[in-house]
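Working notes, structure below.
This is a predicted model, so every value here is computed, not measured.
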Amino acid sequence: MSISDATGPKTDPGELEDALLGTSPAEEHVDAERRERLLVPRQRSSMGAAERTPAWQRAYVQQIIVQDAAVAALAACLGFFARFNGQPVDLGATSGRAVVACAVLLPVIWVVAMGAFRTYEPRFLGVGSEEFHRVLSAALAVVALVGTSSWAFGLDVARGYVVVALPLATLLTLVARYATRRKLHERRSRGEAGQSVVAVGHRAAVAGMARSLHRASYHGMRIVGACVPGGKGSALDDAELTELGIPVIGSLEEVRHAVTSVDADVVAVTACPELDGAALRRLGWELEATRADMVVAPALTEVIGPRVAIRPVCGLPLLHVERPELNGVRRLAKTTVDRTAAAAALVLLSPVLLAVALLIKLDSKGPVFFKQQRVGKDGRLFPMFKFRSMVTDAEKLLIDLRESTDGNGVLFKMKVDPRITRVGRVMRRYSVDELPQLINVLRGEMSLVGPRPPLQAEVDKYGHDMRRRLLVKPGLTGLWQINGRSDLDWAESVRLDVRYVENWSFTFDFMILWKTAGAVLRGRGAY
C-alpha cells in the first residue's frame with residue numbers, strides 16, 4: 001500500500017508547492033514560466049560540485065594539497081635529522097619508533113588537518129586573511145593532537161622533534177601558500193584564472209560594484225553582464241554601464257536565463273529593495289541548476305571583518321554589527337606599539353636618515369626637513385615632518401602650475417612636477433621622504449597605520465561622513481598607500497580612510513604594513 005492510499009487521495013505536486021509557497025490551490029492561472037521556476041529545486045541536485053568548479057580552480061586546489069604534503073614531508077625530514085643529528089635510530093625503543101611514525105605520518109596528518117579546517121575550499125583561497133588564519137588553526141590542532149596522543153598512549157615523542165618539525169611545517173606552508181597566491185594574482189592580472197560575474201540590482205549599484213572589482217583585479221572577478229530593473233533599454237542610464245563595458249542582459253526576473261546565456265561563475269546581488277528575502281531564496285533555488293554561485297553585497301559595505309557576525313534570533317539570521325573600537329585598552333596598546341616601534345625604527349634607520357639628509361644638502365639649497373601643518377585626531381593641528389623633496393620656493397611656483405594638476409580635484413599633484421629636486425624624485429619614488437614622520441609617531445601625533453594626514457583645506461570640504469576619519473590619528477601608511485596613493489580620486493581616498501576607521505584591528509594594521517613594502521617597491525602612484 002502506498003502512502004497516498006493510506007492517508008487519503010493523492011495530492012498534485014503543483015498544488016503542494018503552491019501551498020508551501022503560500023499560494024492558494026485555486027490559483028490555476030500560474031503561467032508555464034513560473035511553474036518551471038517552482039519546479040527547479042527538484043531538478044538541481046544532479047549537478048555535482050566538480051561540474052560547478054572551473055578547471056583552473058580544481059587545478060589550483062590540487063596544487064595546494066600536493067604542496068602542503070610536500071612541505072610537511074620536508075619539515076618531517078628536517079625535524080628527524082635535527083633530533084638524531086645523523087645518528088642511527090634505536091627502533092627498539094619506544095621513543096625511536098614514535099619519532100619514525102610521526103615523520104612518516106606527518107604529511108598525511110597535515111593534509112587531513114588542513115582539509116578538516118576547510119583550508120582547501122575555493123572561497124577561502126586566493127584573497128583575504130581567512131586562508132592563513134585557518135592554516136594556523138589547523139597547525140595548532142595538529143600540535144594538540146600530537147601532544148594529547150603522546151600523553152594518552154604513553155608515546156615518548158621527542159620534544160626536540162616536535163619543536164622543530166611542526167613549527168617548520170607551519171612556516172613553510174604559509175610561505176608556500178603566499179607564493180602560490182602571488183602567482184595566481186599575476187595570472188589574474190593577465191586576465192586568466194578569473195570568474196565571470198553577472199551583477200544583479202539597480203544600475204548605480206552595479207556600476208559601483210564594477211569600479212570596485214576593476215580596482216581590485218587580483219580578486220579575479222569580472223562583470224560580464226547585468227540584470228537590472230526593467231531589463232535592457234528600459235532606462236537612459238544604461239549608457240553608464242555601457243561605458244564600463246557591462247551589457248545589460250536581462251531584468252531582475254531573467255537572472256537564471258542571463259546566467260545560462262553567458263555561462264557565468266558568480267551571481268553578485270547588490271542591495272536592491274525588489275530582491276527581498278523571499279525573492280533571494282527563490283533566486284538561489286533557480287541558480288542550483290547552473291554552476292553559478294550566488295553572493296550578496298549588503299548595503300553596509302564599509303563594515304567588514306570581526307565587527308560583523310550573523311546571529312540567529314528566533315529563527316531569523318540577524319546581521320549583528322559591533323561598535324568600532326575607537327577608544328579603550330586596545331587603542332592604548334596601539335599607541336604603545338606605535339611609539340615603541342617608531343623609536344626603534346629611528347635608531348635602526350639613523351644611518352640612512354643621515355645619508356639622505358646629506359644628499360639633500362648637496363643637491364639643492366634649503367633646509368633638510370619640510371614642515372607642514374596637518375589635521376590630526378579630533379581636528380587638532382600638528383606640524384608634520386618630511387624630508388624636503390622640492391625647491392625652497394615651491395609654494396610660489398604653485399600659483400603658475402595649478403592648471404596643470406594631475407590630482408583628484410582637491411589635492412594638487414603632477415606626475416612631472418618641475419619643483420621636485422633630483423634627490424626628491426628618487427625619495428618620492430620609494431617614499432623615503434615620509435620617514436621623518438616617525439618623529440610624529442614618537443610624539444603621539446600620528447600612528448604607524450591610519451588615514452592619510454589631511455590638509456586644513458581638505459578638511460574644510462569634508463561632509464559629515466568624511467569627518468569619521470578624524471576620530472583616529474593619521475598614519476604613516478594606510479589603505480591609501482597600498483591602493484594607489486596619488487592615482488586615487490578624491491571619493492576613493494575618503495572611502496578608504498573611512499573604511500579603515502570603521503574596521504580597525506591589529507590584524508588589519510599588520511596586513512597594511514605587510515602590503516606597504518610591496519607598494520613602496522612598485523612605486524605606483526608615487527609622484
Side-chain angles (χ1 to χ4, degrees), residues 338-376 380-402 404-407 411-458 473-478 480-482 484-487 513 516-527:
D338 283 340
R339 290 189 168 187
T340 303
L346 285 170
V347 172
L348 293 174
L349 295 174
S350 55
V352 176
L353 299 177
L354 290 173
V356 172
L358 179 60
L359 289 173
I360 293 172
K361 271 296 185 182
L362 294 175
D363 183 55
S364 62
K365 295 180 179 180
V368 170
F369 293 106
F370 172 72
K371 186 170 66 173
Q372 189 177 50
Q373 290 292 314
R374 296 292 179 109
V375 182
R380 290 191 292 267
L381 293 174
F382 71 94
M384 189 187 75
F385 299 102
K386 298 177 69 173
F387 278 129
R388 181 177 60 83
S389 59
M390 292 186 175
V391 295
T392 52
D393 58 345
E395 293 297 324
K396 295 180 181 179
L397 297 175
L398 178 60
I399 299 174
D400 299 326
L401 296 173
R402 283 199 178 276
S404 304
T405 180
D406 295 317
L411 293 177
F412 176 84
K413 292 285 183 179
M414 285 186 69
K415 293 183 178 179
V416 183
D417 194 329
R419 301 173 300 161
I420 298 178
T421 63
R422 290 175 299 175
V423 172
R425 198 167 302 281
V426 177
M427 286 194 300
R428 288 194 170 205
R429 174 70 173 77
Y430 297 105
S431 298
V432 176
D433 60 320
E434 312 282 353
L435 290 179
Q437 291 170 33
L438 289 168
I439 300 173
N440 294 115
V441 177
L442 186 62
R443 291 168 49 162
E445 298 159 336
M446 293 178 62
S447 292
L448 291 178
V449 181
R452 188 184 58 79
L455 295 164
Q456 184 63 57
E458 298 174 59
K473 296 176 184 178
L476 180 62
T477 185
W480 49 274
Q481 177 89 2
I482 64 176
R485 291 185 272 186
S486 297
D487 286 342
L513 287 170
T516 296
V520 168
L521 291 175
R522 288 192 300 271
R524 178 191 165 203
Y527 52 87

Quick one: [atom1] on [X] to [atom2] on [Y], what's the gap to the nearest 0.5 Å?
{"X": "L438", "Y": "L353", "atom1": "CG", "atom2": "CG", "answer": "7.5 Å"}
{"X": "S389", "Y": "R428", "atom1": "OG", "atom2": "CZ", "answer": "3.5 Å"}
{"X": "I420", "Y": "R429", "atom1": "CD1", "atom2": "CZ", "answer": "13.0 Å"}
{"X": "R374", "Y": "Q456", "atom1": "CZ", "atom2": "CD", "answer": "11.5 Å"}
{"X": "Q437", "Y": "L448", "atom1": "CD", "atom2": "CG", "answer": "11.0 Å"}

Any non-hydrogen side-chain atom of [X] less than 4.5 Å from a side-chain atom of [Y]?
{"X": "F370", "Y": "F387", "answer": "no"}
{"X": "M384", "Y": "M446", "answer": "yes"}
{"X": "Q373", "Y": "P383", "answer": "yes"}
{"X": "V520", "Y": "Q481", "answer": "yes"}

Not counting sequence neighbours, which residues clear side-chain hydrogen bond (donor to acceptor under 3.5 Å, both in side chains) with E445? List them please.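 For E445, the residues satisfying side-chain hydrogen bond (donor to acceptor under 3.5 Å, both in side chains) (neighbours in sequence not counted) are N440, R443.
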Please determine, by modelled atom types, if S364 and T421 share a side-chain donor-acceptor pair under 3.5 angstrom. no
Using the salt bridge (charged side-chain N to carboxylate O under 4.0 Å, His left out) criterion, which residues pair with R339? Sequence neighbours excluded.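 Applying salt bridge (charged side-chain N to carboxylate O under 4.0 Å, His left out) to R339 gives none.
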